[in-house]
Amino acid sequence: MTGIDFDDLAEFGDDRPIPKLDAVDEETPLSSRISAADVLTLGNAACGFLAVYFLAVATIGQQLNGAGVPADRRSAGAAVVLMLIGALFDLCDGLVARKLRRSALGAELDNLADVITFGVAPAFFVVTWAAIPLGPGKTPAVLVALSVLIAGVLRLARFASTPGRPGVFQGMPIPMGALTVVSIVLLDLPFAVGAAGIVLTAWLMVSRVEYPKPQGKLALLTMLFIAASVSCLTLWATDSPGGDSMLMMGASLQISLAMSIPVMAMTRRGARFIGVRMIR
């Protein structure tokens, strides 16, 4: 996710002054103020919209045909692949911004794009998979999906307004949260178990658990993981031999990675607490 330099941004708090733009900047066409990093960010937003589009079209088509839900594999696979591509764009726009330049629009564009791809799209994915057609008994699924969206919006608002420690995110990054939610849905767990996992993921996004930023070798590993995930989803969506096993393995790995960090954090906190009590 694009880093934020508070010296270059507008006011996010009462004590932060709003920088003045000179007349030349205000008269410059919008297109000339958009950087290469911003183009990647817009690609992220487009991926989020297209993910919702594929799910919506599949759902409407199945309802008209009386086939019911969940959405077919190809549509679901396409939606998740688009979210993964959005995550790749989100990773690369930060790298490009650090190497080249960041426009004044960069941080705002990044947060808006992330709301679409990693807030609205995964929430709609949950609703499409578990709660359509809507009915009285489907309300819990809608509330679970809403928790994903609200947590994502709060996560991004806190990121934009609160400077964090260098090299870490406070709370699970929203792309990881979105992909973890999708992975839980794709595992097709019992509703109560899946809902608990999704709500826990939403809580981790707004928690104070620190997650490392994907920089250097970690960024490269993240790109490779995304590429592997796209391959697994493609095999699953096309009913290829071993596709189901590959999907289960990839989804389980995503969930394990997302949950291992808070587990390690709690283990370290517990070890420090025990050490302090022993000293006393």
Side-chain angles (χ1 to χ4, degrees), residues 1-2 4 12-13 41 44-53 55-56 59 69-71 76 79-80 82-84 86-87 90 107-164 168-187 189 191-211 251 254-255 257-259 261-262 265:
M1 188 176 296
T2 305
I4 294 183
F12 288 106
T41 302
N44 175 15
C47 286
F49 169 76
L50 289 173
V52 174
Y53 167 80
L55 291 171
T59 302
V69 290
V80 182
L82 284 163
M83 281 186 251
L84 285 165
D90 187 55
E108 287 77 7
L109 284 177
D110 191 60
N111 283 339
L112 291 171
D114 285 351
V115 167
I116 298 170
T117 306
F118 309 121
V120 175
F124 191 72
F125 191 86
V126 172
V127 171
T128 302
W129 203 268
I132 296 178
L134 296 175
K138 302 297 185 178
T139 302
V142 177
L143 294 176
V144 170
L146 190 60
S147 73
V148 175
L149 177 61
I150 292 176
V153 171
L154 289 174
R155 169 75 182 79
L156 291 169
R158 186 177 68 183
F159 177 78
S161 60
T162 307
V168 296
F169 291 116
Q170 188 178 74
M172 182 185 293
I174 189 171
M176 177 180 281
L179 296 177
T180 302
V181 167
V182 169
S183 296
I184 292 171
V185 173
L186 290 176
L187 285 179
L189 301 169
F191 176 76
V193 177
I198 292 171
V199 172
L200 174 61
T201 302
W203 176 81
L204 285 172
M205 283 195 281
V206 296
S207 72
R208 297 186 180 275
V209 177
E210 293 183 337
Y211 283 76
Q254 169 66 40
I255 296 169
L257 289 173
M259 300 301 174
I261 293 175

Nearest-0.5 Å distance, OG1 of residue T128 to CG of residue L55: 5.0 Å

Side-chain donor-acceptor contacts of residues 192-204 below 3.5 Å, not counting sequence neighbours, with atom names and distances?
unit_1	atom_1	unit_2	atom_2	d
T201	OG1	G197	O	2.8

Side chains of residues 115-126: which donor-acceptor partners sit under 3.5 Å, not counting sequence neighbours?
unit_1	atom_1	unit_2	atom_2	d
T117	OG1	N44	O	2.6
T117	OG1	N44	OD1	2.8
T117	OG1	G48	N	3.3
T117	OG1	A113	O	3.4

4.5 Å side-chain heavy-atom contact, V209 and M172: no

Counterpart residues, side chain to side chain donor-acceptor pair (under 3.5 Å), relative to T180 (two or more places apart): Q254

Shortest non-hydrogen contact between M205 and G152, atoms and distance: CE-N, 4.2 Å

Under 3.5 Å donor-acceptor, R158 side chain and Q170 backbone: yes

side-chain contact (heavy atoms from CB on, under 4.5 Å) involving A46 - partner list, sequence neighbours excluded: none

Residues which pass side-chain contact (heavy atoms from CB on, under 4.5 Å) with L187, listed by chain and number, not counting sequence neighbours: L189, M248, A251, S252, I255

Pairwise distance CG(L154) to CG(L149) - rounded to 0.5 angstrom: 9.5 Å

Point-to-point distance, once rounded to the nearest 0.5 Å, from CD of E108 to OG1 of T41: 11.0 Å

Donor-acceptor contact below 3.5 Å, side chain Y211 vs main chain A258: yes

Separation of D114 CG from F159 CZ (nearest 0.5 Å): 8.5 Å

